[in-house]
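Data first, discussion second: the structure below is written as structure tokens.
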Amino acid sequence: MTSTASSTDTRQDQQAPDARPSWQQRLRRYGYSARPASDVRARLVPPFAAPGTRLWQALGVPPVLADRVARWSGWGGPLLVTLLAGVLRFWNLGSPHAVIFDETYYAKDAWAIVHHGFEVNWDKDVNKLILDSGGHVTLPSDAAYVVHPPVGKYVIGLGELMFGFDPFGWRFMTALLGTLSVLMLCRIGRRLFRSTFLGCLAGALMAVDGLHFVMSRTSLLDGVLMFFVLAAFGCLVVDRDRARERLAAALPADEDGRVRPDAHVADTLSLGRRPWRWLAGLMLGLAIGTKWNGLYVLVAFCVMTVLWDVAARRVAGARHPYTAVIRHDLGLAFLATVPVALVTYLASWTGWILSPTDGTGGYYRNWAATDGKHSSWSWLFPDWWRSLWHYEHEVYEFHLNLHSPHTYQSNPWSWIVLGRPVSYFYESPAPGTDGCPADAGDKCAREVLALGTPLLWWAACFAIAYVLWRWFFRRDWRAGAIACGIAAGYLPWFLYQERTIFLFYAVVFVPFLCLAVAMLIGALIGPPGSSDTRRVAGATGAGVLVLLIAWNFIYFWPIYTGTAIPIDDWRSRMWLDTWV
């Protein structure tokens, strides 16, 4: 038996609950509780909840088949939710048969970039010609000044190459990524909560969120950005589990087989190459290559994953967890994210870089050979680098000074309550035309409104408060991760409140809002071991909330899809004056 003096179990020195420091005693009234002592392996890598068969047996499924269905539910459930999301997003995807909102920029830029490698100037009346001719138009060659990187346009252009230069073609990839993001969220939620049910619930909530739905059916860049941000988050969550599994496997076990903390292992163990972290760096590079606000996500996620490493080493028994992370993790963490993201971003400009420098290539491609030929840096950097740097500087100045008023601009303070959604498309067909019922009596309304499902978003306001409480007082890393995702996509916009910005930028953190609501619903249902009465009451309340959110999405379906409805029905859906 190991003596107390030489034991590496750092938990032996923990104070008894009654001897906690006064700050902990004060926090107890708000729900703070110390983590109970347990096997360190279970604390580092909590097991997934065993799938149950009671539901399937209650439905009359034979026990053997019920067991098989339960074992496959980890993938079966997410795939079913994804199938629902895909049907919703691809149904009648080419409607409205129009160039709606900023599709007038990105659909055409995408077509140009997959053919020329850079964006071009189009005639101002070309939209009608594109729609009438099925996309058979002459591609201009005059380079255009654009203010967003090329990745998102390459993604949109891929759909156009496969299905044509028409509404279905330029919306295909955003619909596909929107559908796949639901699958990712189901699996990410399952890994976060160790619950297939809560993971699928988070995915189902996003499947019926109006903003995510509309952005999945419109060829804008923000839906593409959301996909890469979520993919990076998922990679980091997997990396967290893999690193902690390696750490747990290196720790010693006592005579009873329980894994114990070990200061030497926790302070000195190298956690290896960690390929999932490198993949996260690639995804973050693609996010930044879609829109620059991916930079804020990169910083937030890098800080988050380093803090995860510190927490893992502390649980494993490290006496100096920050020092251990700096020595063994920080360097590789930096290399796997920042340089990888930077190289990925630069690679996304390959088409522009390889374009001619004689004035017929991309915008500003010849700057280093003309206006910038006397630069003091010309001896150090190649022409393409200096031209690209100048281009990026001009784009930065544009974004910094973008104050042109817009009808649908909004302050980020109002986003979370859906204060001012953006109307992408609106028509007023007469009765008997464009889907308007002949007996409508008055004109109809056809609108595509980028509006989140109201009940989901308003519930998310409470869910955010719950997540922050759980992170701060319960030290729940899952709540902290969700809060980090919301903050990375939301808080930076408060630095630019004077700029012309829009609510649909919020689609980037919609997945994390859905995770927050799923976590809140899990708390409503009750933890394992709760009484049947508690579980029934909680499940009833949670079920009512989910059904109301689903009904709310169905109710607003016409104004998400541009379906013609009588004008009075449209007015009844304008719950707030600012939605008009």
Side-chain angles (χ1 to χ4, degrees), residues 84-85 88-89 100-102 174-175 177-179 181-182 185 201-218 220-227 229-230 408-425 447-465 467 482 485-491 493 501-521 545-563 570 572-580:
L84 169 65
L88 293 175
R89 280 150 181 76
I100 66 174
F101 196 57
D102 280 356
T174 54
L177 295 189
T179 301
S181 67
V182 171
L185 189 63
L201 176 61
L205 290 174
M206 192 163 76
V208 296
D209 173 61
L211 181 60
H212 186 274
F213 175 77
V214 170
M215 295 300 290
S216 297
R217 292 170 54 90
T218 313
L220 270 64
L221 302 181
D222 300 85
V224 180
L225 173 62
M226 175 275 306
F227 175 85
V229 168
L230 182 60
Y408 291 104
Q409 71 182 71
S410 58
N411 191 284
W413 285 105
S414 69
W415 291 359
I416 200 67
V417 293
L418 304 174
R420 183 59 170 164
V422 181
S423 180
Y424 288 175
F425 172 82
E447 183 172 31
V448 176
L449 186 66
L451 172 72
T453 302
L455 293 185
L456 173 59
W457 281 67
W458 296 340
C461 295
F462 296 95
I464 291 173
V467 162
I482 295 169
I486 296 173
Y490 189 21
L491 295 186
W493 292 111
I501 52 180
F502 304 93
L503 186 150
F504 65 81
Y505 296 169
V507 73
V508 174
F509 59 87
V510 163
F512 303 98
L513 291 182
C514 295
L515 287 171
V517 174
M519 192 172 192
L520 176 62
I521 289 175
L545 175 60
V546 172
L547 289 175
L548 286 174
I549 290 171
W551 164 83
N552 204 204
F553 174 76
I554 295 170
Y555 179 72
F556 283 102
W557 172 270
I559 63 172
Y560 293 147
T561 58
T563 302
W570 175 83
S572 69
R573 287 165 171 79
M574 297 296 105
W575 286 2
L576 301 179
D577 292 341
T578 54
W579 293 1
V580 179

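For the numbers below, each heavy atom of this structure counts, side chains included, while hydrogens, waters and symmetry mates do not. Given the structure is predicted, the values throughout are model-derived calculations rather than measurements.
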TODO: For this output row, return yes or no: ring centroids of F512 and Y490 closer than 6.0 angstrom.
DONE: no
TODO: Supply the atom-to-atom distance M206 CE to L230 CG, rounded to the nearest 0.5 angstrom.
DONE: 6.0 Å
Task: Stacked cation flag R573 on Y555, 6.0 angstrom / 45 deg - done: yes
Open item on the list: Just verifying a value: how many Å separate L515 CG and L201 CG, rounded to the nearest 0.5 Å?
Closed with: 10.0 Å
- [ ] Please tell me if the side chains of I100 and T218 come closer than 4.5 Å, counting only heavy atoms from C-beta onward.
- [x] yes
Task: Close side-chain approach of T453 to F556, heavy-atom, < 4.5 Å - done: no
Open item on the list: With heavy-atom distances below 4.5 Å as the criterion, would you say the side chains of V448 and F101 are in contact?
Closed with: no
- [ ] Mind running side chain to side chain contact (heavy atoms under 4.5 Å, CB included) on V208 and I549 for me, showing each step along the way?
- [x] CA-CA 8 Å; V208 296; I549 290 171; 4.2 Å; yes
Task: Contact check, side chains of I554 and W551, non-hydrogen atoms, under 4.5 Å - done: no
Open item on the list: Nearest 0.5 Å, please: how far is CZ in F504 from OG in S410?
Closed with: 9.0 Å
Task: Distance-minimising heavy-atom pair for R217 and R89 - done: NH1-O, 3.0 Å
TODO: Search all heavy atoms of A450 against all heavy atoms of P421 and return the closest pair with its distance.
DONE: O-CB, 3.5 Å
- [ ] For residues F213 and T561, determine if any side-chain heavy atom of one lies less than 4.5 Å from a side-chain heavy atom of the other.
- [x] yes
TODO: Would you mind reporting whether L225 and Y505 have side-chain heavy atoms less than 4.5 Å apart?
DONE: no
Task: Closest heavy-atom pair and its distance - F227, L177 - done: CD1-O, 3.4 Å
Open item on the list: Would you say that more than 12 heavy atoms from the other residues, nucleotides or ligands in this model lie under 6.0 Å from the CH2 of W575, or not?
Closed with: yes
TODO: Over all heavy atoms of both residues, which pair between P454 and Y560 is shortest? Give the atoms and the distance, please.
DONE: CD-OH, 4.1 Å
- [ ] With the side chain counted from C-beta on, respond yes when H212 and S181 share a heavy-atom pair under 4.5 Å apart, and no when they do not.
- [x] yes
- [ ] Drop me the distance from L449's CG to I559's CD1, to the nearest 0.5 angstrom.
- [x] 5.0 Å
Task: Gap separating the CD1 atom of I464 from the CG atom of L520, nearest 0.5 angstrom - done: 11.0 Å
- [ ] Check L205 against A518 and note the closest heavy-atom contact, atom names and distance.
- [x] CD1-N, 4.2 Å
- [ ] Give the minimum heavy-atom separation between V507 and M226, together with the two atoms involved.
- [x] O-CG, 3.3 Å
Open item on the list: Taking side chain to side chain contact (heavy atoms under 4.5 Å, CB included) as the criterion, tell me which of D209, L456, L211, I416 meets it with L513.
Closed with: I416
TODO: Could you tell me the separation between the CG atom of L418 and the CG atom of L455, rounded to the nearest 0.5 Å?
DONE: 10.0 Å
Task: V510 vs W457 side-chain heavy atoms within contact, under 4.5 Å - done: yes
